[in-house]
Amino acid sequence: MKALILVGGFGTRLRPLTLSVPKPLVDFANKPMILHQIEALKAIGVTEVVLAINYQPEVMLNFLKEFETKVGIKITCSQETEPLGTAGPLALARDKLIDDSGEPFFVLNSDVISDYPLKEMIEFHKAHGGEASIMVTKVDEPSKYGVVVTEEATGKVEKFVEKPKIFVGNKINAGIYLLNPSVLDRIQLKPTSIEKEVFPKIAAEKKLYAMVLPGFWMDIGQPRDYITGLRLYLESLRKKNSSKLASGSHIVGNVLVDETAVIGDGCLIGPDVAIGPGCVVEAGVRLSRCTIMRGARIKNHACISSSIIGWHSTVGQWARVENMTILGEDVHVCDEIYSNGGVVLPHKEIKSSILKPEIVM
């Protein structure tokens, strides 16, 4: 089986992290976002993953070469010279996706984090015998999204309603598809939207089916959702396999700590924290709802909440960092500084407090 991951563009919503690496390589729960998907695909027998990409393909490929051997899966790139939307990349990668087997292939949106129930999706797809399956997830506020209206008993998709003013349903497209090769015949090599142009046509022919995603789902393409996604991911890890999670008198709730990280005395860590490889957390530090990326150092008695600390950054002693502060790579916050929602570009030193949310160039 094969899979295509829509990697797409510049990842502007996750700047300043994406100024250092392409978005799919930004760490989430201590490993690059895209690796969560590749591992899930490998686990159900996918042998080749194609990355549809229009930005920094060489950086992506160099990085993923080491994972090809580690994960044991073939990874190739299909590079757009102009943005092709969400369907055009499938036409571009047509030759990579089609073989003689006639097997369906997966398409995943690279920002989506979930339990990836891909095995169940294959069974669902085979059972309904249609041309395409999409994963949908239930949300509290459907008016912000495009809603998928389905036949309750079978999951057959009736129509799509973009940002409905009145309630038509609460299921939205979760960005995970399983498509028969024949779907490629419906897509031209030009900028096209799979959600707005391709799927409605298949639905009109009554060949599109939606499966409700069990478990959690989050699009982690922007900081607030990234932090929420981490909470949901760690919660799911707790249910499945809590041996990966940290424990001890200094841990509160769900916390993921890389084995190479060092944590000092008298810290209080959690809930919903990920501490990456090579991090140093000194004595008396308080961390909650945050990600500390590879090689960062948090000095004595600093306090960090609801924030993302980029690679190799430093937070000084007695500093307080909160309210969706995002430090890019190699940012140094001096001692006793307060950051209230500062978004700091890479390689900066912060010598004075950031009192209200702002971007620091």
Side-chain angles (χ1 to χ4, degrees), residues 11 14 16-18 20-21 23-40 67 110-116 215-248 250-264 267-282 285-299 302-315 321-331 333 339:
L14 267 187
L17 302 169
T18 48
S20 299
V21 296
K23 184 170 59 178
L25 301 186
V26 170
D27 294 310
F28 176 82
N30 292 354
K31 61 182 164 195
M33 280 186 197
I34 201 163
L35 207 54
H36 291 274
Q37 297 181 326
I38 292 173
E39 287 175 353
F67 282 103
S110 72
D111 291 353
V112 165
I113 196 87
S114 77
D115 277 330
Y116 306 116
F216 80 100
W217 175 88
M218 201 73 215
D219 177 329
I220 55 171
Q222 50 192 350
R224 201 167 290 281
D225 296 337
Y226 176 105
I227 295 286
T228 303
L230 182 63
R231 174 176 64 79
L232 297 171
Y233 175 84
L234 294 175
E235 213 169 79
S236 163
L237 210 55
R238 166 74 65 200
K239 287 179 193 150
K240 282 192 301 207
N241 170 18
S242 63
S243 66
K244 283 187 180 166
L245 294 169
S247 57
H250 62 301
I251 300 288
V252 183
N254 300 328
V255 175
L256 196 60
V257 180
D258 187 89
E259 55 192 20
T260 61
V262 178
I263 294 177
C267 292
L268 192 57
I269 294 173
D272 309 319
V273 172
I275 299 175
C279 289
V280 177
V281 177
E282 295 182 3
V285 166
R286 176 74 181 101
L287 304 176
S288 64
R289 296 180 305 284
C290 63
T291 286
I292 313 292
M293 292 188 181
R294 183 184 62 250
R297 176 179 285 266
I298 313 301
K299 295 192 175 171
C303 178
I304 301 173
S305 67
S306 301
S307 296
I308 301 173
I309 307 301
W311 310 272
H312 307 291
S313 290
T314 312
V315 174
V321 172
E322 61 189 27
N323 190 21
M324 297 321 286
T325 290
I326 306 175
L327 306 185
E329 180 181 18
D330 180 42
V331 167
V333 175
S339 169

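Quick caveat: nothing in here was measured; it's all calculated off a predicted structure. Every heavy atom of this structure was used, including side-chain atoms; hydrogens, water molecules and symmetry mates were not.
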Just jot down the side chain to side chain donor-acceptor pair (under 3.5 Å) partners of Lys31, sequence neighbours excluded, or say none.
Glu39
List for me each residue that meets side chain to side chain donor-acceptor pair (under 3.5 Å) alongside Thr228, sequence neighbours excluded, and say none if there are none.
none
All heavy atoms of Val257 vs all of Ala246, minimum pair found to be CG2-CB, 3.9 Å
Once side chain to side chain donor-acceptor pair (under 3.5 Å) is applied, do any residues pair with Ser243, and if so which ones, sequence neighbours excluded?
Asn241
Could you check if a side-chain atom of Val315 sits within less than 4.5 angstrom of a side-chain atom of Ile304, using non-hydrogen atoms only?
yes
Kindly give the heavy-atom pair with the smallest separation between Ala29 and Ala274, and that separation in Å.
CA-CB, 4.2 Å
Assess whether side-chain contact (heavy atoms from CB on, under 4.5 Å) is satisfied between Tyr226 and Met33, documenting all intermediate values.
CA-CA 10 Å; Tyr226 176 105; Met33 280 186 197; 4.3 Å; yes
Answer yes or no: is there a side-chain heavy-atom contact under 4.5 Å between Val26 and Thr18?
yes
Considering non-hydrogen atoms only, spot the tightest contact between Gly215 and Asp115 and give its length.
CA-OD2, 3.9 Å
Residue pair Cys267, Arg286: steps toward the side-chain contact (heavy atoms from CB on, under 4.5 Å) verdict
CA-CA 6 Å; Cys267 292; Arg286 176 74 181 101; over 6 Å; no
From Thr314 atom OG1 to Lys299 atom NZ, the distance as rounded to the nearest 0.5 Å:
6.0 Å
Any side-chain heavy-atom pair from Pro271 and Ser288 closer than 4.5 angstrom?
yes
Suppose we screen for side chain to side chain contact (heavy atoms under 4.5 Å, CB included). Which residues come up paired with His312, at least two apart in sequence or across chains?
Arg294, Glu329
Taking only residues two or more places apart in sequence or in another chain, which ones pass side chain to side chain contact (heavy atoms under 4.5 Å, CB included) with Ile227?
Arg289, Ile308, Met324
So CD1 of Ile113 and CG of Asp225: to nearest 0.5 Å the spacing works out to 12.5 Å
Using side chain to side chain contact (heavy atoms under 4.5 Å, CB included) as the criterion, list what pairs up with Asn254, not counting sequence neighbours.
Leu234, Glu235, Arg238, Leu245, Asp272
Taking ring pair (Phe, Tyr, Trp, His ring centres under 6.0 Å) as the test, write out the residues that go with His36, two or more places apart.
Phe28, Tyr233
Within the 3.5 Å criterion, strictly below it, is a donor on Trp311 or Asp27 matched to an acceptor on the partner's side chain?
yes
Below 4.5 Å, heavy atoms only, C-beta onward: do Ile34 and Lys23 meet side chain to side chain?
no
Can you tell me if Lys244 has over 12 outside heavy atoms packed within less than 6.0 Å of its NZ?
no
Quick one: ring pair (Phe, Tyr, Trp, His ring centres under 6.0 Å) partners of Phe67, sequence neighbours excluded?
Phe63
Got a sec, which residues hit side chain to side chain donor-acceptor pair (under 3.5 Å) with Thr325, two or more places apart in sequence or on another chain?
Ser339
Correct closest heavy-atom pair for Gly310 and Ala296 would be O-CB, 4.0 Å
Shortest non-hydrogen separation from Cys290 to Ser306 and the atoms involved
CB-N, 4.4 Å
Value rounded to 0.5 Å, distance of CD1 in Ile326 from CD in Gln222
10.0 Å
Heavy-atom distance under 4.5 Å between the side chains of Ile275 and Leu287, does that happen here?
yes
Applying side-chain contact (heavy atoms from CB on, under 4.5 Å) to Glu322 and Ser305, what does each step give before you reach the verdict?
CA-CA 5 Å; Glu322 61 189 27; Ser305 67; 3.4 Å; yes
Does the side chain of Leu256 come within less than 4.5 Å of Leu237's, by heavy atoms?
yes
Going by side chain to side chain contact (heavy atoms under 4.5 Å, CB included), name the residues that satisfy it together with Ser313, two or more places apart in sequence or in a different chain.
Ile309, Leu327, Val331
Within the 4.5 Å heavy-atom criterion, are Met218 and Asp111 side-chain neighbours or not?
no
Name all residues meeting the salt bridge (charged side-chain N to carboxylate O under 4.0 Å, His left out) criterion together with Arg297; count only those two or more places apart in sequence or in a different chain, and write none if there are none.
Glu282
